[in-house]
Asker: 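Before I ask anything, here is the structure I am working with.
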2 protein chains.
Amino acid sequence: MDNVDYKILEYLKANSRTKASTISKEIHLSVSAVIERIHKLETSGIIKNYTVVLDESKIGNDTSALMEVSLDHPKFYESFTRAIKENKNINFCYYLTGDFDFMLKILCKSSEDLEKIHNNIKNLEGVSKTKTYYILKSVKD
Amino acid sequence: MDNVDYKILEYLKANSRTKASTISKEIHLSVSAVIERIHKLETSGIIKNYTVVLDESKIGNDTSALMEVSLDHPKFYESFTRAIKENKNINFCYYLTGDFDFMLKILCKSSEDLEKIHNNIKNLEGVSKTKTYYILKSVKD
DNA sequence: CGTGAAATTATATAAGT
DNA sequence: ACTTATATAATTTCACG
């Protein structure tokens, strides 16, 4: 990971479909060298994946919320996190220090949808306390 | 946005550098048609961007936290959100209903780094109350 | 909307510095 | 590690169903 790798990552972060030939011109390195470096970033695991950023509201996902969750006992950690990972309406989930155990984000089509998802999570084994905040606006994402 | 578009998006979500020729074989549609549909998804804004998912810990970003922020008055919204958008260590920021106004995520190299970023945010104009939670583990992201 | 073929670009491979 | 040259493969363009 030298400075050249960082520059390549900056181009890929801005647009992961940027052609190696474009990056090559920008950073004054041969196309082969750029591709070789990208492959190394991939195989070393620094690049985990390439993905697409969607305008969720344009495909009907207009409702989102943050949810705090606490578990009764650490023994429920495995089953809880498994359920979270499987739930397609949950974007992220972090395990935290402090007043509660997890913070997760829900993204869905409607408030009725949100209610269902919310209830599903509340009813997972070991879930004791929850608190939910509607997202009014995504300032940055 | 028909079912074919959804399928294409699923492939691109899983790997945005998937070749149109690969998708073509999977969904039994000509390469040209796949590319045409992708272009339409791009120009319509459904696809906002292509990006790369990095293993942040492998590039030294080992520390992350969630931070709740409240503002004294709505008049500080513009300047606050501008500062948030400019801060490269802030991954997301949501404007919420409830006990506080914003929830944001900080990603950085160390706890000393976190302390600085945390203080910068606390000292932004209009910031009244904050509360910070260390992220122990990213269960899902 | 979709297909298929030709033209253009990109990527992969390999040999040399 | 980088470069150049060549081979293979992908994308773009366009005429047509």
Side-chain angles (χ1 to χ4, degrees), chain A residues 1-62 88 91 107-110 141, chain B residues 1-62 88-89 91 107-110 113 141:
Chain A
M1 274 301 293
D2 61 7
N3 217 29
V4 177
D5 286 328
Y6 273 107
K7 278 187 187 172
I8 291 172
L9 286 181
E10 284 308 312
Y11 284 99
L12 293 177
K13 269 197 244 181
N15 177 5
S16 65
R17 299 203 0 160
T18 307
K19 304 299 177 192
S21 55
T22 308
I23 299 174
S24 162
K25 282 168 205 153
E26 295 282 341
I27 67 175
H28 307 291
L29 198 69
S30 74
V31 174
S32 307
V34 171
I35 291 173
E36 203 177 314
R37 277 172 178 269
I38 292 174
H39 286 337
K40 278 183 189 165
L41 290 166
E42 287 166 359
T43 54
S44 70
I46 290 170
I47 291 177
K48 281 160 76 175
N49 192 22
Y50 297 99
T51 193
V52 66
V53 183
L54 301 181
D55 187 329
E56 295 288 348
S57 70
K58 288 196 174 162
I59 52 174
N61 287 325
D62 281 312
K88 285 214 160 193
N91 291 355
L107 175 64
C108 59
K109 295 198 184 301
S110 63
D141 213 337
Chain B
M1 274 300 292
D2 60 6
N3 217 27
V4 178
D5 285 329
Y6 273 107
K7 277 187 188 171
I8 291 173
L9 285 181
E10 283 309 311
Y11 284 100
L12 293 177
K13 268 197 246 182
N15 177 5
S16 66
R17 298 198 8 154
T18 307
K19 305 299 177 192
S21 53
T22 307
I23 300 174
S24 161
K25 282 168 206 152
E26 296 282 342
I27 66 175
H28 307 291
L29 197 68
S30 76
V31 174
S32 307
V34 171
I35 292 173
E36 203 178 312
R37 277 171 177 270
I38 292 174
H39 286 336
K40 278 183 190 166
L41 290 166
E42 287 167 359
T43 53
S44 69
I46 290 170
I47 291 177
K48 281 160 75 174
N49 191 21
Y50 297 100
T51 193
V52 65
V53 183
L54 301 180
D55 187 329
E56 294 288 347
S57 70
K58 287 195 175 162
I59 52 175
N61 286 326
D62 282 313
K88 285 214 160 193
N89 290 295
N91 290 355
L107 175 65
C108 60
K109 295 198 184 300
S110 62
D113 218 9
D141 212 339

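Just so it is clear: chains get the letters A, B, ... in the order the sequence lines come, proteins before strands, and each one is counted from 1. Below, all heavy atoms of this structure are taken into account, side chains as well, without hydrogens, waters or symmetry copies. The structure displayed is predicted, hence computed values, not measured ones.
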Asker: A:M1 has an atom CE; how far is it from atom C1' of D:dA1, in whole Å?
Answerer: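 These atoms are roughly 16 Å apart.
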Asker: Using the side-chain heavy atoms of A:S30, tell me which of these nucleotides is nearest: C:dT3, D:dT11, D:dC2.
Answerer: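 The closest nucleotide is D:dC2.
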Asker: Reckon B:K40 touches a base, only the sugar-phosphate, or nothing at all at heavy-atom distances under 4.0 Å?
Answerer: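 Nothing, no heavy atom under 4.0 Å.
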Asker: Just the atom pairs and distances: protein N or O near nucleotides 14-17 of chain C's N or O, under 3.5 Å.
Answerer:
none

Asker: Side chains of A:S16 and B:S16 only: does a donor on one sit below 3.5 Å from an acceptor on the other?
Answerer: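 Note: A:S16 and B:S16 side chains meet the donor-acceptor criterion.
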Asker: Do A:L12 and A:I23 come close enough that some side-chain heavy atom pair is under 4.5 Å?
Answerer: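 Yes, their side chains come closer than 4.5 Å.
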Asker: Contact between B:D2 and B:R37 at the side-chain level, heavy atoms closer than 4.5 Å - yes or no?
Answerer: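 Heavy-atom side-chain distance check passes, below 4.5 Å.
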Asker: A:E42 has an atom CD; how far is it from atom P of C:dT11, in whole Å?
Answerer: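 A:E42 atom CD is separated from C:dT11 atom P by 11 Å.
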Asker: Among C:dT3, C:dC1, D:dT3, which nucleotide has an atom closest to any side-chain atom of B:L29?
Answerer: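 That would be C:dT3.
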Asker: For residues A:L9 and A:M1, determine if any side-chain heavy atom of one lies less than 4.5 Å from a side-chain heavy atom of the other.
Answerer: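 Result yes, sub-4.5 Å side-chain heavy-atom pair found.
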Asker: Side chains of B:D113 and B:S110, heavy atoms from C-beta outward: is any pair under 4.5 Å?
Answerer: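 A side-chain contact exists here, since the closest heavy-atom pair is under 4.5 Å.
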Asker: Scan B:H39 against the nucleic acid and name what it touches under 4.0 Å (heavy atoms): base, sugar-phosphate only, or nothing.
Answerer: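 Touches sugar-phosphate only.
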Asker: Among residues 4-23 of chain A, which ones have heavy-atom contacts with DNA chain C below 4.0 Å?
Answerer: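 Result for residues 4-23 of chain A: A:K19, A:A20, A:S21, sorted by number.
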Asker: Sticking with atom C1', work out how far C:dC1 lies from D:dC16, rounded to a whole angstrom.
Answerer: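 Between the two C1' atoms, the distance is 13 Å.
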Asker: Could you state the atom-to-atom distance from CD1 of B:I35 to C1' of D:dC14 in whole Å?
Answerer: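 Whole-Å distance recorded here is 14 Å.
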Asker: With A:D5, which of A:L41, A:I38, A:I46 fulfils side chain to side chain contact (heavy atoms under 4.5 Å, CB included)?
Answerer: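 So the option named by the test is A:L41.
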Asker: Do the non-hydrogen side-chain atoms of A:V53 and B:I47 ever get within less than 4.5 Å of each other?
Answerer: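 No, every pair of side-chain atoms sits at 4.5 Å or beyond.
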Asker: Take atom NE2 of A:H28 and atom C1' of D:dT4, then tell me their distance rounded to the nearest Å.
Answerer: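 Distance check: A:H28 NE2 to D:dT4 C1' gives 19 Å.
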Asker: Answer whether the closest heavy-atom distance between the side chains of A:T18 and B:Y50 falls below 4.5 Å.
Answerer: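 No. Closest side-chain heavy atoms not under 4.5 Å.
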Asker: If we count only N and O atoms by modelled type, under 3.5 Å, do the side chains of B:N49 and B:T51 hold a donor and an acceptor together?
Answerer: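 Short answer, no.
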Asker: Rounded to whole angstrom units, what separation is found between the CD1 atom of A:I27 and the C1' atom of D:dT3?
Answerer: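 Checked: the CD1 to C1' distance equals 14 Å.
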